[in-house]
Asker: 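Quick one: the structure is below, and I'll ask about it shortly.
Naming: A, B, ... by sequence-line order, numbering from 1 per chain. All values derive from a computational prediction rather than experimental measurement.
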Amino acid sequence: MRLSNFFIPTQKEDPTDAVVASHILMIRSGMIKQLTSGVYSYLPLGYIVFRKIEQIIREEMNAIGGNEFLLPALSPNELWHETGRLEDYGDTMFRIKNRELVLAPTHEEVFTSIAKPNLVSYKDLPKMWYQIQTKFRNEARPRSGVLRGRQFTMKDAYSFDATWEGLDESYKDQDKAYKNIFTRCGLDFFSVTACSGAMGGSESEEFMVESNAGEDIVAISDNGSYSSNIEVAVSFKDKIGRKNSNLNYEEFHTPNVKSIDELADSLNLNDKSRLAKSRVFVDPSKDENAKDEYILVLVCGDDEVNETKLQNLVSLAIRPGHPEELLQVTGADAGSIGPIGLKNKNVRIVADHLLEDADELISGANKNDYHIKNIDLKRDVANIEYHDLRVVKDGELTFDKKSKIKITKAIEVGHIFKLGTKYAEALGALFLDKDGKENPIIMGSYGIGVERIAAAYIEQNHDKNGIIWSGEIAPFNVHLISVNANDENVRETSDKLYELLSNKSLDILYDDRVDVRPGFKFMDADLIGVPIQVIVGEKNLKDNNIEIKIRRTGERIIVGREQVIEKVNELLT
RNA sequence: CGGGAUGUAGCGUAGUCCGGUAGCGCGCCUCGUUCGGGACGAGGAGGUCGUGGGUUCAAAUCCCGCCAUCCCGACCA
């Protein structure tokens, strides 16, 4: 590609709206341009990269027997209503105003609707279907460039199996394909156990790239044996246990104490573990006849409630109580709430395992400005349940006690999970087994964010001058620079090299611009970040030499003009 | 959806407090000199100051509404 004929609007200055490195560099290098919040135009350079990523995905999906589809982005409300997701997805789904259609945020329903009339016998199974499609999600707050957009490209695959063992196999195939894909894309990645969330399903794994730009928080063990999304992460920690002093509980005055920290300060305590933190959650009623359910959650004062774990225990719909609700249910405002003396007696009380049967606890009195000490959960709180409800913290032991846990931020680039029969049942996608019995098809769902891979790669591979591409997703293999295209010898040599290199089926970006000064070309080259720069300049050419620069290291190699092709090929292998 | 910030030429911004000629850098056009790390000189084009209303002799500037974008949070397969 001749740069004189390539639309690539590079920018010297950082765009004011971009914060994370990948976003800044994608804009500066002319890969993308924002149209509106969360929506980006893909300019030629960006589109080349995204297509290369897609191609890798395609090859790996085909390698495990995948069939590529392209499904519509528009789909009828009716189809989503059948699985209940028209309601469940809520505002995250774009809805068409002048037709009963939505813009699909994912494609379980559509794929299942194709499976239904076609996959009717166990002989038709298993199947692995996928597509690479634009998805639409009305994200409340798009951010970080293409890392969270309202419109983005996703590879979504779905497996259809007759047996649960078959699903295990399909899942394993995808897992392996994902590892190949991210490796070929040059990502430093890891996988974590995850929560399948509102999608429904059981086993679930996310593929993560460690990065401060990420929105996910993960727990990884030092020895690499454990990695998990913080939402479901567990660690080993001793219960705080009993002191058995058998003191009666008593109320005491705590004016202006609104938080655990203030409570600890007022009592001159460093260890906050026996200050039981109380939070009230609401499980909203599902219909008008039923009442909202309230849940009081207790964790140690130095812990936080893990809302995902609570969701898995109670209901996906739970939310923290509003201030009015807290007052109404407990009799106090946040900061003075505890397990004893709740105004509403029907509150479900659940506590974290660490508090199991603990005594000598201090918690709110359900009366503003008062707390209660010497609470014995075993003695004083009837019907209390214990579950794992805390957020794992940095530095804690892994559950097997063999390693320590590190908490870090990460970008989710892929997610695979076992859906089971939820969609097949909802849509009536049934097949006949060997015994002639009707069963729902067992499904798996597997997604990859295409643009996210590029962004995650840039987060991991850039320096102050720009992007550092390498391997298969580099938009070009070689950036050929004609330092001064006005010089006849330089121009002719560069033109010739362009021809020779192109013949080797390499992708070459050729800076043949005549009116651009050398410094400008060099800066552009470093910004765009093609792995190898071949620099044709007057001075070296006088000695029949040509310079090769390695973008990542900055290393410069001078070779004779006849050895360029050989050297480039050597460097690229 | 809550909190915060911003909106002035393609990009980055000053001016806003204290009302009175819209300014600068980059980029762009012309000419000349340059030509190995985002050159220099001279000349030039480009702006309904986000938008609607109000106050005023006069509004980028003050007041009210709306819209948009970004950040934090909530939310999010």
Asker: Whole angstroms only, please: what is the CD-P distance between A:E307 and B:C75?
Answerer: 6 Å
Asker: Would you say B:G10 has OP1 or OP2 under 4.0 Å from some side-chain N or O of A:Q11?
Answerer: no
Asker: What nucleic acid atoms does A:P320 come within less than 4.0 Å of, heavy atoms only: base, sugar-phosphate, or nothing?
Answerer: nothing
Asker: What is the distance, rounded to the nearest whole Å, between atom CG of A:D515 and atom C1' of B:U34?
Answerer: 14 Å
Asker: Which one, B:A74, B:A39, B:A77, comes nearest to the side chain of A:A140?
Answerer: B:A74
Asker: Looking at the rings of A:W469 and A:F476, which for Trp means the six-membered one, are their centres under 6.0 Å apart?
Answerer: no
Asker: Taking the side chain as every heavy atom from C-beta outward, state whether A:Y457 and A:C185 have any pair of such atoms under 4.5 Å apart.
Answerer: no
Asker: Return the nucleotide paired to B:G41: Watson-Crick means purine N1 to pyrimidine N3 with N6-O4 or O6-N4, wobble means G-U with N1-O2 and O6-N3, both under 3.5 Å.
Answerer: B:C31
Asker: Closer than 4.0 angstrom, basic N to acidic O: yes or no for A:D175 and A:K179?
Answerer: yes
Asker: How far, in whole Å, is B:A39 from B:G27 if one measures between their C1' atoms?
Answerer: 15 Å
Asker: Describe the nucleic acid contact of A:V19 in one word from base, sugar-phosphate, nothing, applying a heavy-atom distance below 4.0 Å.
Answerer: sugar-phosphate
Asker: Which whole number of Å gives the distance between the P atom of B:G73 and that of B:A14?
Answerer: 26 Å
Asker: Taking B:G54 as the reference, what is the distance to B:G44 when you measure between their C1' atoms (whole Å, please)?
Answerer: 40 Å
Asker: Kindly say if A:R137 contacts the phosphate of B:A77, meaning a side-chain N or O under 4.0 Å from OP1 or OP2.
Answerer: no
Asker: Are A:D463 and A:R552 ion-paired here, with the side-chain N under 4.0 Å from a carboxylate O?
Answerer: no
Asker: Does A:E538 get its side chain close enough to the base of B:G36, under 3.5 Å, for a donor-acceptor pair?
Answerer: no
Asker: Answer yes or no: is there an ion pair linking A:R148 with A:E215, defined by an N-O contact shorter than 4.0 Å?
Answerer: yes
Asker: If you pin A:Y158 and A:V483 to their nearest nucleotides in RNA chain B, which one's is more 5'?
Answerer: A:V483
Asker: So what does A:K33 touch, heavy atoms closer than 4.0 Å: a base, only the sugar-phosphate, or nothing?
Answerer: nothing
Asker: In plain terms, say whether A:R319 and A:E307 are close enough for a salt bridge, that is, a side-chain N and a carboxylate O under 4.0 Å apart.
Answerer: no
Asker: Any strand is fair game: report the nucleotide pairing with B:C49 by Watson-Crick or G-U wobble, both distances under 3.5 Å, or none.
Answerer: none
Asker: Determine the Euclidean distance between corresponding C1' atoms of B:A58 and B:G10; express it in Å to zero decimal places.
Answerer: 32 Å
Asker: Compare side-chain N and O positions of A:S37 against OP1 and OP2 of B:C70 and report whether any pair is under 4.0 Å apart.
Answerer: yes
Asker: Checking all strands, does A:G537 fall into the base, sugar-phosphate, or nothing category for heavy-atom contacts under 4.0 angstrom?
Answerer: base
Asker: Nearest to the side chain of A:T106, which nucleotide is it out of B:G25, B:A77, B:G37?
Answerer: B:A77
Asker: Looking at B:U16, which nucleotide sits across from it as a Watson-Crick or G-U wobble partner, both distances under 3.5 angstrom, or is there none?
Answerer: none
Asker: Quick check on B:U13: is either OP1 or OP2 less than 4.0 Å from any side-chain nitrogen or oxygen of A:T16?
Answerer: yes
Asker: When you match A:L527 and A:K135 each to their closest nucleotide on RNA chain B, which lands nearer the 5' end?
Answerer: A:L527
Asker: Calculate the interatomic distance between A:R452 atom CZ and B:C76 atom C1'; express it in whole Å.
Answerer: 10 Å
Asker: Check this one for me: any side-chain N or O of A:R141 less than 4.0 Å away from OP1 or OP2 of B:C72?
Answerer: yes
Asker: What nucleic acid atoms does A:N540 come within less than 4.0 Å of, heavy atoms only: base, sugar-phosphate, or nothing?
Answerer: base
Asker: With sugar-phosphate meaning primed atoms plus P, OP1 and OP2, does A:S482 contact a base, only sugar-phosphate, or nothing at under 4.0 Å between heavy atoms?
Answerer: nothing
Asker: Does the separation of the ring centres of A:W129 and A:F69 fall below 6.0 angstrom?
Answerer: yes
Asker: May I ask you to say what A:D526 touches in the nucleic acid, namely base, sugar-phosphate or nothing, with a heavy-atom cut-off under 4.0 Å?
Answerer: base
Asker: Please give, in whole Å, the distance from B:C11 P to A:L43 CG?
Answerer: 14 Å
Asker: Which is true for A:R556 with a 4.0 Å heavy-atom rule: it touches a base, it touches only sugar-phosphate, or it touches nothing?
Answerer: base
Asker: Roughly how far apart, to the nearest Å, are B:A45 and B:C29 at atom P?
Answerer: 15 Å
Asker: Any strand counts, and the cut-off is 3.5 Å on both contacts for Watson-Crick or G-U wobble. Which nucleotide pairs with B:U6?
Answerer: B:A68
Asker: Under 3.5 Å, is there an N or O donor on one side and an acceptor on the other linking the side chain of A:R28 and the base of B:G38?
Answerer: yes
Asker: Who is the Watson-Crick or G-U wobble partner of B:G36, with both distances under 3.5 Å?
Answerer: none
Asker: What is the distance, to the nearest angstrom, from the CG atom on A:D14 to the P atom on B:G10?
Answerer: 20 Å
Asker: Just the rounded figure in Å: distance from P of B:A77 to NZ of A:K155.
Answerer: 18 Å
Asker: Considering only heavy atoms and no angle criterion, is a donor-acceptor pair shorter than 3.5 Å present between the side chain of A:N484 and the base of B:G36?
Answerer: no
Asker: Stepwise, does the salt bridge (charged side-chain N to carboxylate O under 4.0 Å, His left out) test hold for A:K549 with A:D526?
Answerer: CA-CA 10 Å; A:K549 178 181 157 185; A:D526 285 354; 3.1 Å; yes
Asker: Would you state whether a donor and an acceptor, one from the side chain of A:E547 and one from the base of B:G36, lie under 3.5 Å apart?
Answerer: yes
Asker: When the C1' atoms of B:C24 and B:C49 are compared, how many Å lie between them, rounded to an integer?
Answerer: 16 Å
Asker: What integer number of Å spans the C1' atoms of B:G43 and B:G36?
Answerer: 30 Å
Asker: Taking atom P of B:C75 as reference, at what distance in whole Å does atom CD of A:E412 sit?
Answerer: 16 Å
Asker: Please tell me if A:T36 has a side-chain N or O lying less than 4.0 Å from either OP1 or OP2 of B:U69.
Answerer: yes
Asker: Rounded to whole Å, how long is the line connecting atom CD of A:E215 with atom C1' of B:C71?
Answerer: 13 Å
Asker: Scan every strand shown for a Watson-Crick or G-U wobble partner of B:A58, both distances under 3.5 Å, and answer none if you come up empty.
Answerer: none
Asker: Rounded to the nearest 0.5 Å, what separation is found between the CE atom of A:M154 and the NE2 atom of A:H415?
Answerer: 10.0 Å
Asker: Can you check the distance between B:G19 and B:C57, where both ends of the measurement are the P atom (answer in whole Å)?
Answerer: 15 Å
